[in-house]
Amino acid sequence: MKQKVVALLQKAVEVLIEQSVLQSEWIPDISVERTRDAQHGDFACNLAMMLAKSAKKSPRQLAEVIIAALPEDANVEKVEIAGPGFINFFVNPNAQHEIIADVLRLGSSFGKSDVGAGQKIQVEFVSANPTGPLHVGHGRGAVYGSVISELLRAVGYDVANEYYVNDAGRQMDILATSVWLRYLECCGQTFQFPSNGYKGAYVKDIARQFFDRINRDFCFVATEVFDGVPVDEPQGGDKEQHIDGLITKAQALLGRERYAQIFQEGLTAILADIREDLSAFGVDYQHWFFESLLVEDGSIEDALGRLDKAGHLYQKEGATWFASSALGDEKDRVVVRENGQTTYFASDIAYHMNKLDRGFERIINVWGADHHGYIPRVRAAMTALGADSAKLDVLLVQFAVLYRGDEKVQMSTRSGDFVTLRHLCDEVGLDAARFFYVMRKSDQHMDFDLKLATSKTNDNPVFYVQYAYARICSVLRQLEEKGLSRNSQQGLDNSALLSTDHEVSLVGLLAQYPEVVERSALKYEPHHLVHFLRDLANYFHTYYNAEQFLVEDAKLRDARVSLIEAVQQCLTNGLVLLGVSSPEIM
RNA sequence: GCGCUUGUAGCUCAGCUGGAUAGAGCAUCGGCCUUCUAAGCCGAGGGUCGCAGGUUCGAAUCCUGCCAAGCGUACCA
């Protein structure tokens with residue numbers, strides 16, 4: 001309908017250009033908006049105000065001319081000039097009612113479109129280091145990434161989800177060493193656990209299981225392990241040097257093979273845990289991409305080679321630098337350290353090169369907002385590799401600040417003091433957790449009060465939407481129980497009977513759903529969909545309280561039942577996109 | 001210090017490429033269940049859109065300055 005209005009205006013503009021009232025170079029994109037106030041009709045256009053200056057006419061005067069040039073259309077009942085020069089369109093209600101038949105005919109496809117035209121698009125999200133279980137901080141990115149993926153699929157993109165596993169690098173060595181130290185405790189050794197090691201209980205569990213299976217093959221006495229290692233911070237030393245010393249010692253004492261074994265033990269256990277948590281959270285991936293692959297197959301060397309060849313690398317102070325500042329970054333970045341090790345950034349360059357080579361038209365990275373400073377250097381790398389960095393969209397997700405009542409919950413993976421994603425799911429349920437996370441614009445700070453969300457009598461809006469769905473299911477059950485007849489075709493044929501304010505606005509809202517899905521997808525803003533669903537539920541609940549659906553008059557009854565069936569379909573379509581269930585009974 | 005982001009009702013937040021009287025939920029107060037689920041509905045109060053300028057027919061939205069908060073500013077990941 002919106003498109004029809006735009007088309008009408010376009011024709012009017014063409015006519016006026018012919019009459020030399022307007023000139024074609026003045027014409028902006030014609031924007032038609034839904035009105036907020038029903039008094040202003042269904043659609044409004046600000047064209048007259050935009051063109052008033054160039055046309056040297058007052059906005060209202062120009063609006064009059066435009067309206068005069070509008071072709072007739074059966075769907076448009078009335079066109080008015082209002083306010084400073086808005087052109088308001090009143091749509092014929094019967095034309096609006098067609099949406100009910102459309103929804104019921106399209107079913108689960110209602111709201112889908114093909115604006116993405118099968119373009120390949122990749123969405124990488126969560127990608128948390130496999131050094132511990134996922135906590136509530138990861139939940140928001142997980143839901144956001146998965147909902148964005150579903151939305152993009154709904155508008156026709158060919159979407160691939162990916163999790164980038166940082167299974168190379170120092171953090172993983174710290175984990176492996178932490179597991180080994182806990183294992184040594186199982187062997188009966190006692191010592192001060194490093195302040196910079198991973199202290200979570202899950203590390204002890206992994207070590208215990210490993211110990212039970214392997215027994216004492218990896219045992220060493222504590223004095224030997226700690227001999228020659230720089231002292232830890234509490235003893236006046238440096239915690240980084242201490243843990244690095246322990247890593248070196250672990251590698252030396254265990255040898256390559258045994259170290260790799262304990263390293264794998266930690267990685268696989270935690271990764272399995274992460275996969276399980278995400279799956280239980282309704283998040284599934286097409287690909288799990290391992291950083292170690294980039295190391296093994298020479299991708300990092302390739303990527304650096306390409307940068308070097310193009311003249312973007314130089315040597316300074318024993319390290320190799322990428323001249324990213326020439327490409328928009330704040331300063332140049334090290335890619336190969338003085339000690340010969342490549343940096344995390346070098347891996348990321350290779351990873352993005354790999355993504356580009358896979359032929360995605362668009363690449364989306366969902367990152368924690370604390371990584372925002374990292375974006376320019378990745379774009380610089382893409383540009384340096386000869387790619388169009390505009391292909392990359394980095395979507396930032398602010399971490400939710402967790403509260404228990406008024407008290408802020410401090411979290412740190414290292415100290416093992418955090419609320420896990422699994423705990424959250426157990427407490428508030430999958431539906432509430434997902435809905436809650438995606439309710440707010442993702443790049444905004446968000447307060448997550450556990451006490452509120454975990455209380456059984458909570459006012460979580462997810463129930464409000466689900467309740468609307470369940471209520472409709474209940475009405476449809478009543479229809480059968482009461483043995484009332486139901487003729488769907490008769491319902492559609494008599495949609496003109498749906499003339500109360502509640503019915504008209506409900507029908508109008510249904511018609512907006514496809515636009516909301518498209519906007520949510522293309523702008524990566526799922527919260528619009530959430531707000532829409534709340535509005536739709538609200539309109540329905542109001543309607544429910546105002547009118548009886550199962551009335552004597554069979555024609556009116558069929559018409560009303562068709563309408564609420566359409567609402568039911570629309571609600572569940574939206575909830576499916578959010579990964580939230582549609583309960584038939586509540 | 002510099003950079004990015006954010007300041008909207010008591011609280012948590014919406015506000016579409018600048019548009020008509022700035023909205024919702026919660027909280028507070030007052031109504032509605034012999035009728036399809038009251039996890040609901042109706043109504044009321046509550047605002048200097050951080051502050052000050054500017055751009056224009058028109059600014060919460062765009063520009064500048066100031067104030068405040070968060071994050072970033074590693075040869076960590």
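As a basis for the values below, the full set of heavy atoms in this structure was taken, side chains included, without hydrogen atoms, waters or symmetry mates. Every chain is numbered from 1 and lettered A, B, ... according to where its sequence line falls, protein lines coming before strand lines.
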Out of B/rG40, B/rA20, B/rA77, whichever nucleotide has its closest atom nearest the side chain of A/A44
B/rA20
Closest approach to the side chain of A/K441, judged atom by atom: which nucleotide of B/rC75, B/rA38, B/rG15 is it?
B/rG15
From the set B/rC36, B/rA20, B/rA38, return the single nucleotide nearest to any side-chain atom of A/Y467.
B/rA38
Could you walk me through whether A/L533 and A/L571 satisfy the side chain to side chain contact (heavy atoms under 4.5 Å, CB included) test, starting with their C-alpha distance in whole Å, then the side-chain angles of each, then the deciding distance to 0.1 Å, before giving a yes or no?
CA-CA 7 Å; A/L533 290 175; A/L571 284 171; 4.3 Å; yes
Considering every strand and a 4.0 Å limit on heavy-atom distances, what is the contact class for A/E518: base, sugar-phosphate, or nothing?
nothing
If stacking means aromatic ring centre less than 5.5 angstrom from the base's six-membered ring centre, planes under 30°, is A/H40 stacked on B/rA20?
yes
What is the distance from OH of A/Y198 to P of B/rA77, rounded to the nearest Å?
11 Å
Base, sugar-phosphate or nothing for A/N538? Non-hydrogen atoms, less than 4.0 Å.
sugar-phosphate
With heavy atoms under 4.0 Å as the rule, sort A/T542 into base, sugar-phosphate or nothing.
sugar-phosphate
Could you tell me how far apart A/F549 (CZ) and B/rU37 (P) are, to the nearest whole angstrom?
11 Å
Under a 3.5 Å cut-off for both contacts, is B/rU73 paired Watson-Crick or G-U wobble with anything, and if yes, with which nucleotide?
B/rG1
Give A/I585 one of three labels, base, sugar-phosphate or nothing, depending on what nucleic acid heavy atoms sit under 4.0 Å from its own.
base
In whole Å, measure the gap between the P atoms of B/rG53 and B/rA69 for me.
24 Å
Looking at every strand, decide which applies to A/A470 at a 4.0 Å heavy-atom threshold: base, sugar-phosphate, or nothing.
base
Among the nucleotides B/rU17, B/rA74, B/rG72, which one has an atom lying closest to any side-chain atom of A/K523?
B/rU17
Hey, does A/N88 reach any base, or is it just sugar-phosphate, or nothing, if we go heavy atoms under 4.0 Å?
base
Let me know the distance between CH2 of A/W367 and C1' of B/rG72, rounded to the nearest Å.
13 Å
Output the rounded distance in Å from NE2 (A/H138) to C1' (B/rA77).
12 Å
With no hydrogens and no angle check, just 3.5 Å: does a side-chain donor-acceptor pair link A/T131 and A/Q171?
no
What I want to check is whether the side chains of A/Y543 and A/E503 have a donor and an acceptor closer together than 3.5 Å.
yes
Pairing partner of B/rC16 (Watson-Crick or G-U wobble, both distances under 3.5 Å):
none
Provide, to the nearest angstrom, the distance between the CD atom belonging to A/E317 and the P atom belonging to B/rA74.
14 Å
Does B/rA20 have its OP1 or OP2 closer than 4.0 Å to a side-chain nitrogen or oxygen of A/R34?
no
Does a side-chain N-to-carboxylate-O contact under 4.0 Å join A/R486 and A/E480?
no
A/K355 with A/E124: basic N within carboxylate O range, under 4.0 Å:
yes
Picking from B/rC36, B/rC75, B/rC71, the nucleotide nearest the side-chain atoms of A/Q548 would be B/rC36
Inspect the contact between A/R34 and A/D42 and indicate whether a charged nitrogen and a carboxylate oxygen are less than 4.0 angstrom apart.
no
Using a heavy-atom cut-off of under 4.0 Å over every strand shown, decide if A/E338 touches base, sugar-phosphate, or nothing.
base
For the ring pair A/H135 and A/H138, is the centre-to-centre distance below 6.0 Å?
yes
Report yes or no: is the ring centroid of A/F86 under 5.5 Å from the six-membered base ring centroid of B/rG19, with the two planes under 30 degrees?
no
Which part of the nucleic acid, if any, lies within reach of A/N129 when heavy atoms closer than 4.0 Å are counted: base, sugar-phosphate only, or nothing?
sugar-phosphate
Interatomic distance, A/Q171 CD vs B/rA74 P [rounded to whole Å]
17 Å
Ignoring the backbone of A/Y374, work out which of B/rA77, B/rC57, B/rU37 is nearest its side chain.
B/rA77
Residue matched to B/rC51 through Watson-Crick or wobble contacts both under 3.5 angstrom:
B/rG65
Please determine if a side-chain N or O atom of A/R337 lies less than 4.0 Å away from the OP1 or OP2 oxygen of B/rA74.
no
Listed nucleotide nearest any side-chain atom of A/N545, set B/rA77, B/rC41, B/rG19
B/rC41
Strictly by Watson-Crick or wobble contacts shorter than 3.5 Å, is anything paired with B/rU21, and which nucleotide is it?
none
Base, sugar-phosphate, or nothing: which does A/A546 touch, judged by heavy atoms less than 4.0 Å apart?
nothing
Of the listed B/rA20, B/rC41, B/rC36, the closest approach to the A/H541 side chain comes from B/rC41
Using atom P in both nucleotides, what's the gap between B/rU6 and B/rG50 to the nearest angstrom?
13 Å
For a quick check of understanding: with a heavy-atom distance under 4.0 Å over all strands, which category does A/H531 fall into, base, sugar-phosphate or nothing?
sugar-phosphate
For B/rG58, which nucleotide in any strand shown is its Watson-Crick or wobble partner with both distances under 3.5 Å?
none
A/E33 side chain, from C-beta outward: closest of B/rC36, B/rA74, B/rU17
B/rU17
Shortest side-chain distance from A/D370, nucleotide among B/rC71, B/rG40, B/rC16
B/rC71
Give A/A369 one of three labels, base, sugar-phosphate or nothing, depending on what nucleic acid heavy atoms sit under 4.0 Å from its own.
sugar-phosphate
If I take atom CD in residue A/Q341 and atom P in nucleotide B/rC76, what distance separates them, rounded to the nearest angstrom?
8 Å
Which whole-number value in Å describes the distance from A/F435 CZ to B/rC26 P?
13 Å
Pairing partner (Watson-Crick or G-U wobble, both distances under 3.5 angstrom) of B/rC29
B/rG43
Counting the atoms with a prime plus P, OP1 and OP2 as sugar-phosphate, which does A/F345 contact under 4.0 Å by heavy atoms, base, sugar-phosphate, or nothing?
nothing
Under 4.0 Å, counting only non-hydrogen atoms across every strand here, what does A/H371 touch: a base, just sugar-phosphate, or nothing?
base
Under the side chain to side chain contact (heavy atoms under 4.5 Å, CB included) rule, what do A/K239 and A/I243 come out as? Steps first, then yes or no, please.
CA-CA 6 Å; A/K239 61 180 180 178; A/I243 195 75; over 6 Å; no
Looking at A/Y144 versus A/Y437, is the centre-to-centre ring distance below 6.0 Å?
no
